[in-house]
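Here is the naming used below: chain letters follow the sequence lines, and residue numbers restart at 1 for every chain. Here the structure is a predicted model, which means the values were calculated and not measured.
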There are 2 protein chains.
Amino acid sequence: MGGSEIRRTMPLFPIGIVMQLADLTARQIRYYEEHELILPTRTEGNRRLFSLNDIDRLLEIKDLLEQGINIAGIKKIFAVSHKENDEVEPVAKKDELSDEELRTLLKKEMMSPGNRNRSSLRAGDLSRFFQ
Amino acid sequence: MGGSEIRRTMPLFPIGIVMQLADLTARQIRYYEEHELILPTRTEGNRRLFSLNDIDRLLEIKDLLEQGINIAGIKKIFAVSHKENDEVEPVAKKDELSDEELRTLLKKEMMSPGNRNRSSLRAGDLSRFFQ
DNA sequence: CGAATAATGTAAGAAAATCTAACATCATAT
DNA sequence: ATATGATGTTAGATTTTCTTACATTATTCG
C-alpha cells in the first residue's frame with residue numbers, strides 16, 4: 001500500500017550533486033535527458049532539479065549501459081517496467097501534501113523526544129544514502 | 001544500534017532548496033550560521049551545502065524562535081541536547097562508506113526485483129520528505 | 001521617552017555553477 | 001572506411017550564491 005509515496009518525486013538536487021551521487025558527468029546526465037530517460041524539472045531560471053527517483057533512474061541507466069545495453073534498449077525496458085507500475089497503481093491518489101503541511105508534520109516529529117537515532121534499514125531505495 | 005547512521009550528515013542541498021524546505025530566507029539561514037547554530041559545509045567554490053541534519057536543525061531553530069526563544073537560548077539548548085548524544089555515542093564508529101561502496105549497494109538493491117513501492121513510515125526525521 | 005540590541009530586509013558587485021550549442025573523439029557496427 | 005552512438009571539451013550567456021554594508025522593525029532597558 002502506499003500513503004507515503006510522496007516525496008521521491010520532489011525536485012531537490014542540482015546537477016552538481018547528482019553527478020557525485022550517481023558518479024556521472026554532466027554531459028552524460030544531459031544526454032540521457034535528451035533521450036528522455038529522465039525528465040528533471042527546472043527552476044524558474046532553467047536549472048535542472050533532480051528527484052530521488054531521477055537519481056535511481058540514473059543509477060539504473062548507468063548499470064544497464066555497463067551491461068552493454070544501449071539507450072534505445074534502456075528506453076524500452078523503462079517503458080515496460082513503468083507500464084507495470086502504472087497498471088498496479090491506477091492513477092493519482094491525490095496524495096499531495098503542501099510543503100507547509102509537511103513542515104508541520106516534520107516539526108511535530110522532531111520536537112517530540114525519544115525517537116532519535118533510529119537505525120532500521122529499509123531496503124531498496126536511495127534513502128540508504130541518508131538516515 | 002546503528003550501522004546505518006551514515007548519510008544524514010551528507011552535504012547535498014544548496015541554499016535555494018533549503019530555503020524552500022525549511023521556509024526560511026537566505027538571510028535567516030546565513031544569520032543562524034553566523035551564530036554557529038548550523039555549520040554547513042562548502043563546495044570548493046565556497047557555496048554552502050546542507051545536510052538533512054542541517055535542515056532538521058533549521059526547522060528546530062525556526063520552531064524555537066517562534067516560541068520566543070532567542071539565538072543565545074537556542075545555542076544553549078543545542079549545546080545540551082548535543083552533549084547527550086556525544087556521551088551516548090562515544091566517538092567515531094568508523095562507519096564511513098565511500099561513495100563508491102554506497103553506489104554499489106544501491107545498485108544491487110535497485111536492480112533486485114520485487115521491492116518497489118514500500119510504504120512503512122519511519123518516525124521522526126526528514127526522510128518523511130522523501131519516499 | 002530615547003537609545004542599544006536582535007532579527008531580518010535589501011542592494012551591489014563578484015564569483016561559482018549551470019545552461020545551450022557546437023564541434024571533437026573514439027569505439028563499434030555496417 | 002564510413003556512419004552512428006556515447007561522451008569529451010569549449011565558449012559565451014544566464015542563474016544562483018557569495019560577502020559586505022546599510023536599512024528597518026520590534027523589543028529591552030536605563
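Distance CD1 (Ile15(A)) to P (dT15(D)): 17 Å, rounded to an integer number of Å. Between Leu49(B) atom CG and dA16(C) atom P there is a gap of 15 Å when expressed in whole angstrom units. Atom-to-atom, CD of Glu44(B) to C1' of dA15(C) comes out at 14 Å; the value is rounded to the nearest Å. Residue Ile61(A) contributes atom CD1, which lies 11 Å from atom P of dA6(D) at whole-angstrom precision. dA17(C) atom P lies 18 Å from atom CZ of Phe13(A), rounded to whole Å. As rounded to whole Å, 15 Å separates atom C1' of dT17(D) from atom CD of Gln20(B). Ile29(B) places its CD1 atom 11 Å from the P atom of dG9(C), with the value rounded to the nearest Å. Taking atom CZ of residue Arg42(B) and atom P of nucleotide dA17(C), one finds them 12 Å apart after rounding to whole Å.
Note: Glu36(B) CD to Ile71(B) CD1 = 12.0 Å, rounded to the nearest 0.5 Å.
Phosphate proximity of dT7(D) to Tyr31(A): absent, as no side-chain N or O sits under 4.0 Å from OP1 or OP2. Remark: Arg30(A) is not in phosphate contact with dA6(D), judged by side-chain N or O atoms under 4.0 Å from OP1 or OP2.
Distances from the side chain of Gln28(A) to the nucleotides dT7(D), dT17(D), dA7(C) place dT7(D) closest. Side-chain proximity of Arg47(A) to dA6(D), dC18(D), dT14(D): nearest is dT14(D). Considering only side-chain atoms of Leu65(A), the nucleotide from dA16(C), dT7(D), dA13(D) that sits closest is dT7(D). If you check dC18(D), dG8(D), dT15(D) against the side chain of Thr43(A), the one that comes closest is dT15(D). With distances taken from any side-chain atom of Arg27(B) to the nucleotides dA7(C), dT8(C), dT16(D), the minimum falls on dT8(C). In the set dT16(D), dT7(D), dT17(D), dT7(D) carries the atom at the smallest distance from any side-chain atom of Tyr32(A).
Nearest-nucleotide positions on DNA chain D for Glu33(B) and Ile71(A) put Ile71(A) closer to the 5' end. If Phe50(A) and Thr25(B) are placed on DNA chain C by their nearest nucleotide, the residue sitting closer to the 5' end is Thr25(B).
Tested against Ile55(A), the residues Ile38(A), Val18(A), Leu24(A), Ile17(A) include a single side chain to side chain contact (heavy atoms under 4.5 Å, CB included) partner, Val18(A).
In terms of heavy atoms, Leu49(A) sits closest to Pro14(A) at CD2-N, 4.0 Å. Contact record, Pro40(B) with Asp54(B): CA-OD2, 3.9 Å, taken as the closest heavy-atom pair.
Backbone-only engagement by Arg48(A) is indicated by non-hydrogen atom pairs under 4.0 Å involving sugar-phosphate atoms exclusively.
Side-chain contact between Leu21(A) and Met10(B): present, with at least one pair of heavy atoms (C-beta onward) separated by less than 4.5 Å.
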